[in-house]
Structure formats: structure tokens, C-alpha cells
Amino acid sequence: MNSSKNNMKRENFGSKFGAIFATAGSAVGLGNIWRFPIETGQNGGAAFILIYIACILLLGLPLMLSEFVIGRHTQSNATRAYHLLAPGTPWKWVGRLGVFAGFIVLSYYSVVAGWTAKYAVLAIGNQFQGCDPDSLRTTFSAFASDPWEPLLYLLIMLLMTHAVVVIGIQKGIEKCSNILMPILLVIIFVLVICSVTLDGASEGVRFLLKPDWSKIDSHLVISAMGQAFFSLSLGLGCLCTYASYFKKDSNLPNIAIQVITLDTLIALMAGFIIFPATSAAGMPLDSGVMGPELIFVTLPNVFQQALSGLPWLAYSFSVLFFILLIIAALTSAISMHEIVTSYMKEEFHLTRKKAALIETLGCVVIGALCALSFGVLDNVRIFDKSIFDFCDWVVCEFCMPIGAILISIFVGWYLKRKTVENEITNNGTLRVPLFRALIFILRFVAPVAITLIFLDQFHLLS
Ligand code: PHE
């Protein structure tokens, strides 16, 4: 492999916990705390959660392991990894697709991350006190459509992400994850306890625990699969890039299981914050209050209503919640940034600083267009979608499923079975009992199931 020279200089995550926290930091993000509760609310609660967990185990785990195999085996960025494993073939386009998607996803994700930063500032300034849903809605749309403020917050979030990535793998990404992930766990734990002990919380808890089987249909299954991919950062070469920094003796199945467990627990805990608090505030639990506005309009109101007799608790609840969101968004944004930075650095022989700067500047431009699409650029439409929605569509409904289908085919069919087995078992030193089932899923189940999600986007199944 002509990457050996490259590998000598390559950084690694220094510890086992560092690797787990960094990868979990990528997985745990707005997808868990914002998107998961919205999807759960819109799809009937517990039934959605059960199908989601099935998707995580059946598709998420094998695909995560596949990306780990590709990344750690080659110890290269997402594009070179395919080049090394399949020289002279078009497979490197899977890596390129991931790099492109990583760039787009960071651009629009940072817009929402910026909103969470603005809302943390509002929460700290106690600006939600006494606001009714209408005034909260007006505050949100005035902010989102403002030509300057969202750009300022976008810039702040991108600069924070940039700073961590520039510092490097161990001192930047790993250290930051090791500090932020435990804080995130503590905050989320405190919020769950507060929420489920509110008066009137039990209806929300029941919503999350009692499945209504009649809700399960093809749309629900497809939404659950899409959510599982987004939440686990699958299909974009992100996990492949992080795995390229794992040590050669790290236990890939163990890391995958721990990351998936953490990610799923945190998504469930976000549900146990939002639904009990919503029912305690006397608001409906299903699609009535759930939607993209959930976090910026509904929740500040929920916290006020549910804790109306305890203003200091409502205040602390809001502040902690928005800090939680910033942390979750930041650790995910860092991983998106690293997909592109490692590619630019290694493929164009740039310094980390230069590579990161190019990525950040690019994201400032596309991110600004996405941010402005809620205001002055509202009338710009691409395929009938706003710029923000179009970017989200390109990543979640196009690049992610296509990337995931191709990754499963690459590892299931193209790579030699022995190569995959050696990588997963650390050359036979680990016992991996379900290896055959894994290969079966990668060969047959994953490509077919994900193709179904993909076709559903174009309404070809209904
Ligand atoms: N998994 C992240 C979340 O849940 C989003 C993400 C997608 C991160 C793709 C990296 C790559 O918010």
C-alpha cells in the first residue's frame, strides 16, 4: 500500500475511551435531541421507537462495522480508503460522495447549531419568562428571517468547530469529546429526572412505553430507518474517517456496540425529557406540537407551563437544555468537518490548518445561503425547495441512502471475506460470534432495505 509513508505521520485516538467518546460525539447530535423526538411524536410514540431500535440493530450495527473496517484497515481518509482497497475502480466515488455530503451537511447543520446557540443566550438572559406560544413563534421567525443574526451565530459555531479540528485528533477532537460527552450525559440525566417527576408527566411516559401496533406502516418503518442512519452518522464516510484514527488493536465490535448503545440511550432520554414535560404542560403529544419548531417554539413554552410555580427551575431547565443542544451539535459538527479536512489534507498535501480553513470558508458561504433561505432568500427555490431544505434533502435522502447501499455492497460483496473477517476479529484474536449473520445482512438485507427507503423518497413505492 502506498499509504505507508502517510500512515507514519498519521495521528491516532490516544485511548479506548477517547475513540468511543469521539465516535459517540459524532453520533449524538441534533439528530438525537431534536429530530428523534419529532419523528417519535409524528409516528405515534412507542411503536416508532421499537422499529427504530430494530433498524439500529439490524442495519445500523452492520453498517457502522463496515465503515469501521474500511477506515481502520486503510488508515486513510474516506476517498483514499476506497482507492487503496479497490485501486483503479470507480469505488473511490463512494468516498468522494461522502466528502461532498460531509461538506453540505456541515453547512446547514451549523445553521441549526447557531440557532441553538442563540437560544442558549436567550435562555441565559431569562427571555422566555412570561412568553406565550404566539410570542415565542414571533421571536423565532423574526430571528430566523433576520439577515444578520443567524449569520453571526452560524459563524460562531463554525469557528468553534474549526478551532477544535485545527488543533488535531488527540489534543483537539479527542480531548474535546472527553470533556463534553460526560457533561452532556450529566445534563441529560438531570433533565430526565426533572421531567419525569413533574406533575402530569405520566401520560408522556406512557406515550413512550406503550406501543400502538396499529401505527406501524411502511412510512413509519422508512422514517425509522432514515432516523437511524442520520443518528448514527452513517453513509457519509464520517465513521470511516474516525475509524482511520482507531488503534490497530482496538476492538471494533465493542466500540460499535458501545457507541450504538450510548446513541440510542441518549435519543430515548431526549424523549423522556420532552414528552413528560409536554404532557405536564397539558399539551398534546402527537403531531400537534411536534414539528421543526419543536425546540425553538414549543419547548420554551413547555418549560414555562410545566414549571409555572417554580420559575427558577424553569430557568435552569431551559438553560441546561440549550447548553445540551450546543454540546451535542458541536461534537457532531466536528466529525463532519473532519471528513473533509482529512480528505483535503491528505489528498492535496495541505497542512491541517489550511485544509480546515478551506472547509470552514466553504461552509460559511453555503451555510450563509442556507441561513438566509429563511429570510431574504426565501423565494429562491431549487426543485421547489428552499436552499436549506434542498441541502438537507441532498444529504439525508440522497447521499446517505446511496452511500449506505454502496458501503454494504462494497464490504458484503467486493471485499474479500477474509479481509473483513481479519479486520473485525483483529486477525483472529477476537471471537465474533455473529460474523456470518453480519455478512448475510450486508449482502442481502441492507442493500434491499435501504433501496426501499431510497425509492420511497421519490414516491415510487406508493
Ligand atoms: N449523527 C449526527 C446527529 O445525530 C448527525 C451527523 C450526520 C453527524 C452525519 C455526522 C455525519 O445529529
Side-chain angles (χ1 to χ4, degrees), residues 25-26 29-31 34-35 77-79 95-118 143-166 173 229-231 233-238 241 292 295-296 325-326 328-345 354-378 380-383 385-403:
S26 167
L30 297 173
W34 180 34
R35 204 169 182 272
N77 67 75
T79 301
R96 288 186 181 156
L97 184 76
V99 172
F100 166 75
F103 168 63
I104 300 291
V105 75
L106 178 61
S107 305
Y108 75 85
Y109 197 85
S110 304
V111 174
V112 185
W115 293 352
T116 67
K118 160 76 179 178
F143 163 67
S145 58
D146 187 90
W148 297 111
E149 239 196 319
L151 298 191
L152 175 71
Y153 284 98
L154 164 75
L155 207 60
I156 294 174
M157 290 309 285
L158 274 174
L159 286 179
M160 276 160 65
T161 310
H162 176 87
V164 176
V165 172
V166 163
I173 299 178
F229 285 179
F230 189 79
S231 191
S233 316
L234 285 173
L236 303 187
C238 177
T241 305
I295 280 194
F296 304 103
L325 275 173
I326 295 182
L330 187 64
T331 50
S332 295
I334 290 168
S335 71
M336 297 168 184
H337 202 298
E338 182 59 26
I339 309 175
V340 187
T341 301
S342 66
Y343 164 76
M344 302 279 288
K345 175 173 169 275
K354 259 199 194 138
L357 185 67
I358 295 173
E359 157 72 343
T360 304
L361 288 177
C363 288
V364 170
V365 175
I366 304 294
L369 294 175
C370 291
L372 294 175
S373 71
F374 291 89
V376 287
L377 296 183
D378 188 20
V380 178
R381 299 269 132 185
I382 311 172
F383 294 120
K385 294 181 196 317
S386 70
I387 303 175
F388 181 98
D389 288 344
F390 178 71
C391 289
D392 182 54
W393 178 83
V394 166
V395 172
C396 292
E397 293 170 22
F398 191 79
C399 297
M400 261 185 179
I402 298 264

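One is the number of the first residue; the rest follow in order along the sequence.
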Is it the case that the side chain of Tyr343 and the backbone of Gly95 share a donor-acceptor pair, with hydrogens and angles ignored and the cut-off at 3.5 Å? no
Between OG1 of Thr116 and CD1 of Ile326, what distance do you get to the nearest 0.5 Å? 5.0 Å
Heavy atoms of Trp115 and Ala144 approach each other most closely as CZ2-CB, 4.2 Å
If you look at every heavy atom in Thr360 and His337, which pair is closest and at what distance? OG1-NE2, 2.8 Å
Looking at every non-hydrogen atom in both residues, tell me the closest pair between Val376 and Pro147 and how far apart they are. CG1-CB, 4.5 Å
Applying side chain to side chain contact (heavy atoms under 4.5 Å, CB included), name anything that partners Ile358, two or more places apart in sequence or on another chain. Met344, Leu350
Could you pull out all residues at least two apart from Ser373 that satisfy side chain to side chain contact (heavy atoms under 4.5 Å, CB included)? Ser386, Ile387, Phe388
Partners meeting side-chain hydrogen bond (donor to acceptor under 3.5 Å, both in side chains) with Glu338 (sequence neighbours left out): Tyr245, Arg352
On a heavy-atom basis, the closest approach of Thr79 and Arg96 is OG1-N, 3.6 Å
Look up atom SG in Cys238 and atom CG in Leu106, then write down how far apart they are to the nearest 0.5 Å. 10.5 Å
Is Ser145 reaching over with its side chain to a backbone N or O of Phe374, donor-acceptor style, under 3.5 angstrom? no
What are the two closest non-hydrogen atoms of Phe229 and Met400, and how far apart are they? O-CE, 4.2 Å
Between CG on residue Leu369 and SG on residue Cys391, distance to nearest 0.5 Å: 8.0 Å
Is a side-chain donor or acceptor of Thr241 paired with a backbone partner of Ile339 at a separation under 3.5 angstrom? no
Sorted by chain and residue number, the side chain to side chain contact (heavy atoms under 4.5 Å, CB included) partners of Leu357 (sequence neighbours excluded) come out as His162, Leu361
Value rounded to 0.5 Å, distance of CZ in Phe230 from SG in Cys396: 5.0 Å
Residues 147-158 vs side-chain hydrogen bond (donor to acceptor under 3.5 Å, both in side chains), sequence neighbours excluded, gives Lys118-Glu149
Any chance you could measure Leu236, atom CG, to Met336, atom CE, to the nearest 0.5 Å? 8.0 Å
What pair of heavy atoms forms the shortest contact from Cys370 to Tyr108, and how long is it? SG-CB, 3.8 Å
With Ser107, which residues qualify under side chain to side chain contact (heavy atoms under 4.5 Å, CB included), at least two apart? Phe103, Cys363, Ile366
Distance from Ile156 atom CD1 to Ser110 atom OG, nearest 0.5 Å? 12.0 Å
Can you find a heavy atom in the side chain of Leu30 that is under 4.5 Å from one in the side chain of Arg35? no
